[in-house]
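These notes are about the structure you will find just below.
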Amino acid sequence: MTDPADAPRVLTVRPTAQEYAWTFGGAPPIARIAPGTVLDVFTEDCFGGRVRTADDLVSRVCAFPYVNPQTGPFHVEGAEPGDTLAVHFVSVEPRRDWAASTTVPLFGALTATHATAALHPPLPEAVWIWQLDRERRLCRFTARDSDHTLTLPMAPMHGTVGVAPANLEVRSALVPDAHGGNMDTPEMRAGVTCYLGVNVEGALFSLGDGHARQGEGETCGVAVETAMHSVVIVELLKGVATPWPRIESDTHLISTGSARPLEDAFRISQLDLVQWLARDFGLSELDAYQFVTQAVESPLANVCDSNYTCIAKLRKEWLPPAEVHGGLHAELRRRAAALR
C-alpha cells in the first residue's frame, strides 16, 4: 500500500472514440499506473453516445458487439494473481444534461431472450430520452404514450467495473462474473471502495457504463444511460485474495455473485459474505452462516445480463469491532476528502 503522506499522482484520461475497450482481457493497457494513483476519467455511455433522440433505435445506430465501451484497461504496477485491487470512487458525475434508455429486442427480464426462447415475437424497440437536472440532482422521465412527466432523484453509479479474467479468458464488457464486469449494481457509487481479485499481471482494470440512476434488477435491461466524469483512487492489497467482487461503504459490507440461474448468483453472494465474516471477524463459518441469515439484505443488481448479479449486504454496526483490509476504506475516504 502506498504512503498516504505522498502527494497523489493524478492521471487524466479522455479517450477518443478509437481508444475504448470492449472486453475485459484481450485489450492492451492504455496506461501503466502505480498504486495510489488518482484516475480522473471520462466514460462514454453504453451506446457510445449514439442514442440521442427517440428516433435513434439501438439496432440502427449501434453495431453489436461494439456496445458498452470501457475506459481502460490500466496496468497497475506490482499487481499479481492473488492480490486485490481496491478502487475507491471519489466522485461519479454525469457529463450531459440528458440520458437515454431503451427496450432492445430479445433483451430484458420481461421478454423472451435468446436464452429463454419463446414463440411470440420480441417486444418492440423504443427509446426514452431522460432530461438530467445536474444542479438539482433530478432525472425527468417523459412518457412516450401519454402526457405524463415524472421525476426521480439522481443516483449516479457505474454499471461496469472490473479486471481481466483468469485463465486467459476474454469476456465481453456486457458480461458480469468473478472478474467484475457488467454487474449493474446501484451500490457502485461515489463513496464506496470496490475490491477486485487480481487474475493477471497488472490487473488490467477498466470501468464504464455510467447510469444517472437505475432500479434494482435493471428490469428492462437498460438504465438511465449517460456519459460520466468519474474520479477514482486505485490501490493494491498484496497477498490478499478476493474471490468475488466486494464493496465496502461507510455503513455496509457488500458481496456480489454473478451467474445463471438467479439462485446460483444468490448463493455465490451469500456464501462470499459468510466467508468474508469468517475470515475477517473470527467467526466460524456456521456461526457466520446463522448471523448472515438473520441480518443480510439481498437486493438484486441485474436480472437481464448474460449472467445475473445478486448482492448480499450487511450493516457494519452489527458486527464485532474489526478492521477490514487494515482500514483501507476509511483511509481512502480521507484521501478522497483531501482531493476536494
Side-chain angles (χ1 to χ4, degrees), residues 1 79-88 161-163 165-167 169 171 175-181 183-188 192-200 203 216-217 235-303 305 307-332:
M1 198 164 69
E80 301 172 301
D83 297 339
T84 289
L85 203 67
V87 181
H88 181 74
V161 178
V163 295
N167 303 320
E169 285 192 351
R171 305 298 297 272
V175 178
D177 211 313
H179 67 284
M183 297 177 285
D184 285 319
T185 171
E187 304 289 350
M188 203 71 73
V192 307
T193 303
C194 176
Y195 302 107
L196 299 161
V198 175
N199 303 302
V200 303
E216 292 172 354
E235 260 296 358
L236 183 63
L237 289 160
K238 293 295 296 179
V240 176
T242 300
W244 285 86
R246 294 171 175 173
I247 303 168
E248 184 178 358
S249 71
D250 293 346
T251 58
H252 287 79
L253 299 181
I254 303 164
S255 288
T256 72
S258 298
R260 285 202 185 195
L262 183 61
E263 55 263 37
D264 280 352
F266 175 85
R267 290 184 181 108
I268 291 168
S269 64
Q270 300 285 318
L271 175 62
D272 187 75
L273 186 58
V274 166
Q275 293 179 333
W276 194 357
L277 295 193
R279 187 191 73 181
D280 288 0
F281 293 87
L283 295 170
S284 71
E285 283 200 349
L286 276 180
D287 283 339
Y289 185 23
Q290 172 59 207
F291 188 76
V292 166
T293 299
Q294 314 311 338
V296 71
E297 302 166 54
S298 304
L300 297 174
N302 92 78
V303 191
D305 291 334
N307 285 326
Y308 302 149
T309 302
C310 286
I311 298 298
K313 55 188 293 190
L314 191 60
R315 293 181 181 274
K316 289 179 175 179
E317 64 183 299
W318 294 344
L319 293 168
E323 280 194 335
V324 175
H325 298 325
L328 179 58
H329 171 73
E331 170 57 33
L332 291 174

Step by step, would you call Leu271 with Tyr289 a side-chain contact (heavy atoms from CB on, under 4.5 Å)?
CA-CA 8 Å; Leu271 175 62; Tyr289 185 23; over 6 Å; no
With side-chain contact (heavy atoms from CB on, under 4.5 Å) as the criterion, how do Thr84 and Val198 come out once you've worked through the C-alpha distance, each side chain's angles and the decisive distance to 0.1 Å?
CA-CA 5 Å; Thr84 289; Val198 175; 5.7 Å; no
Exactly one of Asp305, Thr185, Val161 clears side-chain contact (heavy atoms from CB on, under 4.5 Å) with Pro176, and that residue is Asp305
When Leu273 is tested against each of Val296, Ile268, Thr256 for side-chain contact (heavy atoms from CB on, under 4.5 Å), which residue passes?
Val296
Value rounded to 0.5 Å, distance of CG in Asp177 from CZ in Arg171:
4.5 Å
Inter-residue atom distance Leu196.CG - Arg246.CZ, 0.5 Å rounding:
11.5 Å
Is there a side-chain contact between [X] and [Y] (heavy atoms, below 4.5 Å)?
X	Y	result
Leu314	Trp276	no
Lys313	Pro299	yes
Leu300	Tyr308	no
Leu236	Leu85	yes

For the residue pair Gln270 and Ser298, confirm or rule out a side-chain donor-acceptor distance under 3.5 Å.
yes
Just checking, is any N or O donor in the side chain of Ser269 or Ser255 under 3.5 Å from an acceptor N or O on the other one?
no
Return the minimal non-hydrogen interatomic distance between [X] and [Y], and the atom names on each side.
X	Y	answer
His325	Asp280	N-OD2, 4.4 Å
Ala288	Ala278	CB-N, 4.4 Å
Trp244	Gly257	CE3-CA, 4.2 Å
Leu253	Glu248	CD2-CG, 3.9 Å
Trp318	Phe291	O-CZ, 3.3 Å
Gly197	Val163	O-CG2, 3.4 Å

Quick one: does any side-chain atom of Thr193 pair with a main-chain N or O of His329 as donor and acceptor, under 3.5 Å?
no
So does Cys194 get a backbone contact from the side chain of His88, meaning a donor-acceptor N/O pair under 3.5 Å?
no
Among all residues two or more places apart in sequence or in another chain, which pass the salt bridge (charged side-chain N to carboxylate O under 4.0 Å, His left out) test with Asp287?
none
Sequence-distant partners of Glu80, salt bridge (charged side-chain N to carboxylate O under 4.0 Å, His left out), two or more places apart
Lys238
Run the side-chain contact (heavy atoms from CB on, under 4.5 Å) test on Ile247 and Met188 for me, step by step, so that the C-alpha distance in whole Å, both residues' side-chain angles and the decisive distance to 0.1 Å come before the verdict.
CA-CA 8 Å; Ile247 303 168; Met188 203 71 73; 3.7 Å; yes
Which pairs pass salt bridge (charged side-chain N to carboxylate O under 4.0 Å, His left out) with one or both residues in residues 292-303, sequence neighbours excluded?
Glu297-Arg315
